[in-house]
Amino acid sequence: MILDRHNFTNKALILTAIGLMVVGGAWYLRPGAKPAKSDVMPDVDLSMLSIPKATSEPVKVESQAVRYLSIDDGSVKAAEQKQLKQQLNHLKRAGSLSGGVLTDEFKQATHAKMTYRFGRKQPLSFEPTQIELSGFFLTGRQYEGVLGERGYDALYRLFENPSNKSRIEIIETRILEDSPVVMYQEFMNKTIAGTPVLYEHLSDKKAVNYQKARFVHKDKLYVINAKGLSQGEFESLLTTIIQ
């Protein structure tokens, strides 16, 4: 947005200033918008204007690591929109995007155990979250994502409790500043410690309880799957990670 300077009368100057405030506010509130270096704002004497004080609560600034879109957003293609609405229906009806069917939960656990036991520790491009779970032990680790100059940008970890056979897998991915993760508002069915969370629950053929969570905290995307935990235990784990 580049504005040409002209000599206005005092009345026109006031109207122009008000217009710039409205347009500029709409631009900066647009999701993902960044001010261009070429933006030029005219010198305006705002002392001539009477601007009422805002009475509403301050708007929470959205993290640059994530963009929350509606499924009905115009940028979502029709085919993808249809699939998302189907997943949303599954989530509301059965408690999971898959409609209660296990998909990729713990599928890489065996391989992660092997790489943890026999593989070497590799560099990461981020500091992994410290996980301390009573009764659980780290039994699997796998480096994922892109290997950059500083190291891998994703880490898979498996924790197991030998006393009750419960398991937790945590996949942590660093989000680049210019590549925010897109998450859909309709899927965010829980709020844990002020963070929107996609929460899912389902069971296998033996009625074993599974829980899943996907959320963005600071500059990381977390995907967490748990087997054999109660909902309270699972939410406590999420709270510990987010706080």
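None of the values given here were measured: they were computed from a predicted structure. Basis for what follows: all heavy atoms, side chains included, without hydrogens, waters or symmetry-related copies.
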Can you confirm whether [X] sits close enough to [Y] that some side-chain heavy atom of one is under 4.5 Å from a side-chain heavy atom of the other?
X    : Y    : answer
H90  : Q86  : yes
E177 : Q64  : no
R214 : F187 : no

Side-chain heavy atoms nearer than 4.5 Å, only ILVMFWY residues, links allowed to pass through others: does that put [X] and [Y] together?
X    : Y    : result
V66  : L176 : no
L221 : Y152 : no
V182 : I71  : yes
F126 : V223 : no
V146 : Y156 : no

Nearest-0.5 Å distance that lies between atom [atom1] in [X] and atom [atom2] in [Y]:
X    : Y    : atom1 : atom2 : answer
Q130 : T240 : CD    : OG1   : 13.0 Å
Q87  : S96  : CD    : OG    : 10.0 Å
T173 : K220 : OG1   : NZ    : 10.5 Å
E160 : K165 : CD    : NZ    : 8.5 Å
I171 : R157 : CD1   : CZ    : 11.5 Å
K218 : R174 : NZ    : CZ    : 14.5 Å

Worksheet item: What residues form a side-chain hydrogen bond (donor to acceptor under 3.5 Å, both in side chains) with E186, not counting sequence neighbours?
Response: S70
Worksheet entry | E200 side chain vs L97 backbone, donor-acceptor pair below 3.5 Å | yes
Worksheet item: Given a cutoff of under 4.5 Å between side-chain heavy atoms of I, L, V, M, F, W and Y, with clusters grown through shared members, what are the other residues clustered with L238?
Response: Y116, I131, L133, F136, L138, F159, I168, I170, I192, V197, Y199, F215, Y222, I224, L229, F234, L237, I241, I242
Worksheet item: Hey, what else clusters with F118 if you join Ile, Leu, Val, Met, Phe, Trp, Tyr whenever side-chain heavy atoms sit under 4.5 Å?
Response: M114
Discussion item. Before you tell me yes or no, could you show the steps for L202 and V101 under side chain to side chain contact (heavy atoms under 4.5 Å, CB included), namely the whole-Å CA-CA distance, both residues' side-chain angles and the distance that decides it to 0.1 Å?
Written reply: CA-CA 7 Å; L202 57 162; V101 179; 5.9 Å; no
Discussion item. Working note: D72 + K85, criterion side chain to side chain contact (heavy atoms under 4.5 Å, CB included); need CA distance, chi angles, decisive distance, verdict.
Written reply: CA-CA 9 Å; D72 296 318; K85 289 185 176 181; 3.2 Å; yes
Worksheet item: Q185 and Y68: which non-hydrogen atoms are nearest, and at how many Å?
Response: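 So the two residues come closest at NE2-O, 3.4 Å.
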Discussion item. If you apply the rule side chain to side chain contact (heavy atoms under 4.5 Å, CB included), what do you find for Y143 with L124, and how did you get there?
Written reply: CA-CA 8 Å; Y143 299 91; L124 284 169; 3.8 Å; yes
